[in-house]
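Encoded as structure tokens, the structure appears first; notes follow it.
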Protein chains: 2
Amino acid sequence: MIPTLDVACADVASRSERANEILRVASRLFFEKDYNSVGIRTIANSAGVRGATLYHHFRSKEEMLYRIILEVTRDYIRDHLPILDAPSSFAQRLKELVRQHVEYFWAHRYGMSVGLRELHNLTPEHLAEVQFYRLVYQRRIQEFIAAGAHFGEFSCFDPDLVGIALLDMMNGVNDWFKPAGRLHIAEIAQLYGELVLRTVGTR
Amino acid sequence: MIPTLDVACADVASRSERANEILRVASRLFFEKDYNSVGIRTIANSAGVRGATLYHHFRSKEEMLYRIILEVTRDYIRDHLPILDAPSSFAQRLKELVRQHVEYFWAHRYGMSVGLRELHNLTPEHLAEVQFYRLVYQRRIQEFIAAGAHFGEFSCFDPDLVGIALLDMMNGVNDWFKPAGRLHIAEIAQLYGELVLRTVGTR
DNA sequence: GTCTATAGGGGGATAGAC
DNA sequence: GTCTATCCCCCTATAGAC
């Protein structure tokens with residue numbers, strides 16, 4: 001069954017507080033090492049329980065990864081893609097999306113980075129579901145860029161390629177950003193918005 | 001001891017053909033799964049030997065990863081950074097670097113992608129050495145962009161940020177490029193060159 | 001230089017008591 | 001819902017024969 005963005009997303013609410021705590025702990029551990037370097041016992045200890053307890057809340061370790069990645073990916077898209085439908089110029093809307101993308105990805109970096117790096121550790125079915133959401137986001141951005149070019153606000157030679165390039169730029173920030181650096185994450189988000197406008201050829 | 005780019009790089013030549021074959025096999029396996037998902041026995045079997053044989057050629061599994069990442073990183077930089085010293089315009093030189101970066105990274109995708117993804121599985125000492133080379137490349141690009149802006153060919157508001165954004169764009173290609181797609185890698189490399197010139201604000 | 005055999009530990013997951 | 005105990009498998013790495 002193909003999922004849609006309209007589906008109600010009550011996963012977090014319908015789960016026990018313990019289960020949510022386990023996922024919070026796990027996503028942080030997966031972020032700091034990687035999925036295959038973090039054992040069941042490590043996750044359990046960090047959550048203050050024994051290994052066997054995890055299997056009361058989740059079917060497998062992979063299901064934890066799946067929940068982490070699915071929810072962070074789906075929720076981000078559901079809450080942020082509507083920016084592109086706002087009643088302002090193409091440039092304003094794109095710049096705002098970039099700004100929010102960079103800021104949100106950093107604020108939710110444990111789940112978001114895991115969702116970028118560990119996709120290959122999902123089962124084929126789970127991977128397909130996550131990729132569906134990712135593709136919705138990517139295609140919408142590409143269409144938006146193409147539309148902006150069509151209406152003369154952008155001058156893009158290849159909207160699909162530009163869209164993917166922008167995504168890689170934005171997604172990369174979490175890998176190098178350090179809070180102690182020269183710029184605050186909000187400043188980087190702002191500057192990336194301006195950079196993206198150059199890239200799409202704003203007039 | 002701080003390594004330099006001037007050091008002679010005879011690693012591959014000084015190693016037995018068997019050892020090089022093991023590294024070729026290992027980098028491909030690390031690329032397809034990930035470092036921690038590929039066991040010693042899998043590497044050995046794929047190379048046509050038993051697990052214990054690997055320890056005649058390398059001290060540890062991590063040393064294999066280190067050799068793969070170090071050599072591919074160092075050799076790329078040594079061979080391609082001189083492009084920026086060519087006697088042409090800033091725009092021409094930058095575009096050519098981008099083109100070669102994208103093409104080379106795809107051609108050497110096993111080692112290159114492993115070198116981007118698996119850095120955290122290196123020992124602190126090995127990581128520091130690899131990061132030295134990566135930083136040489138990044139800083140040179142940032143300086144080059146700043147110089148291009150200084151001499152009026154580019155109009156960059158923040159050369160350091162732009163440099164890192166370009167690197168993320170270029171490094172991302174291997175993660176989504178499919179040879180069966182609409183564009184050949186050489187076309188993408190070409191288009192990325194033009195895209196980058198927009199990003200740095202070529203007049 | 002490659003092998004067999006194995007050490008020593010940790011992996012994910014389950015059974016069944018409480 | 002959490003625990004203890006445990007299963008079976010695979011991990012990296014080493015010893016020592018050939």
Side-chain angles (χ1 to χ4, degrees), chain A residues 11-69 114 118-127, chain B residues 11-69 114 118-127:
Chain A
D11 309 69
V12 176
S14 72
R15 227 164 15 218
S16 70
E17 188 44 48
R18 172 77 77 189
N20 286 323
E21 171 62 13
I22 290 169
L23 289 186
R24 272 194 298 274
V25 162
S27 70
R28 172 157 195 172
L29 290 168
F30 294 158
F31 172 80
E32 286 165 350
K33 316 261 267 186
D34 64 43
Y35 176 73
N36 289 298
S37 300
V38 179
I40 286 294
R41 289 164 185 80
T42 306
I43 299 170
N45 288 346
S46 303
V49 295
R50 300 296 182 186
T53 302
L54 300 185
Y55 291 88
H56 172 76
H57 298 282
F58 304 98
R59 263 186 275 277
S60 66
K61 187 187 173 191
E62 189 272 343
E63 199 197 332
M64 296 182 217
L65 181 64
Y66 166 61
R67 291 291 162 201
I68 290 168
I69 294 181
V114 170
E118 304 288 358
L119 290 171
H120 64 283
N121 283 309
L122 295 173
T123 63
E125 294 73 22
H126 289 164
L127 176 60
Chain B
D11 310 67
V12 176
S14 72
R15 221 158 27 212
S16 71
E17 188 44 48
R18 173 78 77 191
N20 286 323
E21 171 62 12
I22 290 170
L23 289 186
R24 271 194 298 273
V25 163
S27 70
R28 173 159 194 170
L29 291 168
F30 294 159
F31 172 79
E32 286 165 352
K33 316 262 265 189
D34 64 42
Y35 176 72
N36 289 298
S37 299
V38 179
I40 287 293
R41 289 166 185 80
T42 306
I43 299 170
N45 289 347
S46 304
V49 294
R50 300 297 183 183
T53 302
L54 300 186
Y55 291 89
H56 172 76
H57 298 283
F58 304 99
R59 263 186 275 277
S60 66
K61 187 186 173 192
E62 188 272 342
E63 199 196 333
M64 296 183 217
L65 181 65
Y66 166 61
R67 291 292 163 200
I68 291 168
I69 294 181
V114 170
E118 304 288 359
L119 289 172
H120 63 284
N121 284 307
L122 295 173
T123 63
E125 292 75 19
H126 289 163
L127 177 61

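A, B, ... follow the sequence lines: proteins, then strands. Residue 1 opens every chain. Every value quoted in this text rests on a predicted model; they were computed, and no experiment measured them.
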Next on the checklist: Quick test of your reading: applying salt bridge (charged side-chain N to carboxylate O under 4.0 Å, His left out), list the pairs with at least one residue in residues 32-46 of chain A, sequence neighbours left out, ordered by first then second residue.
Outcome noted: A/Arg28-A/Glu32

Checklist entry - How would you give the extent of chain A contacts on DNA chain C, as first and last nucleotide 5' to 3' within a 4.0 Å heavy-atom cut-off? => result C/dG11 to C/dA15

Checklist entry - Should B/Thr42 and B/Ser37 be marked as a side-chain contact (heavy atoms from CB on, under 4.5 Å) after you check the CA-CA gap, both sets of side-chain angles, and the distance that decides it? => result CA-CA 10 Å; B/Thr42 306; B/Ser37 299; over 6 Å; no

Checklist entry - With sequence neighbours left out, what residues match B/Glu125 under salt bridge (Lys or Arg N to Asp or Glu O under 4.0 Å)? => result none

Item to check | Members of residues 45-63 of chain B that approach DNA chain D, where some heavy atom sits under 4.0 Å away | outcome: B/Ala52, B/Tyr55, B/Ser60, B/Lys61

Next on the checklist: Does anything in residues 24-42 of chain A come within less than 4.0 Å of DNA chain D? Heavy atoms only, and list the residues if so.
Outcome noted: none

Checklist entry - Which residue pairs pass the ring-ring contact (aromatic ring centres under 6.0 Å, His included) test with at least one member in residues 32-64 of chain B, sequence neighbours excluded? => result B/Phe30-B/Tyr35

Checklist entry - Mind checking what makes side-chain hydrogen bond (donor to acceptor under 3.5 Å, both in side chains) contact with A/Glu62, not counting sequence neighbours? => result A/His126

Checklist entry - What residues, two or more places apart in sequence or in another chain, satisfy side-chain hydrogen bond (donor to acceptor under 3.5 Å, both in side chains) together with B/Asn45? => result none

Item to check | Which residues share a side-chain hydrogen bond (donor to acceptor under 3.5 Å, both in side chains) with A/Arg18, sequence neighbours left out | outcome: none

Next on the checklist: Can you measure B/Leu65 atom CG to D/dT12 atom C1' for me and round it to whole angstrom units?
Outcome noted: 15 Å

Item to check | A/Leu119 CG to A/Leu65 CG distance, which is reported to the nearest 0.5 Å | outcome: 8.0 Å

Item to check | Residue pairs fulfilling salt bridge (charged side-chain N to carboxylate O under 4.0 Å, His left out) with at least one residue in residues 50-60 of chain A, sequence neighbours excluded | outcome: A/Arg59-A/Glu63

Item to check | A/Lys61 side chain vs A/Val38 backbone, donor-acceptor pair below 3.5 Å | outcome: yes

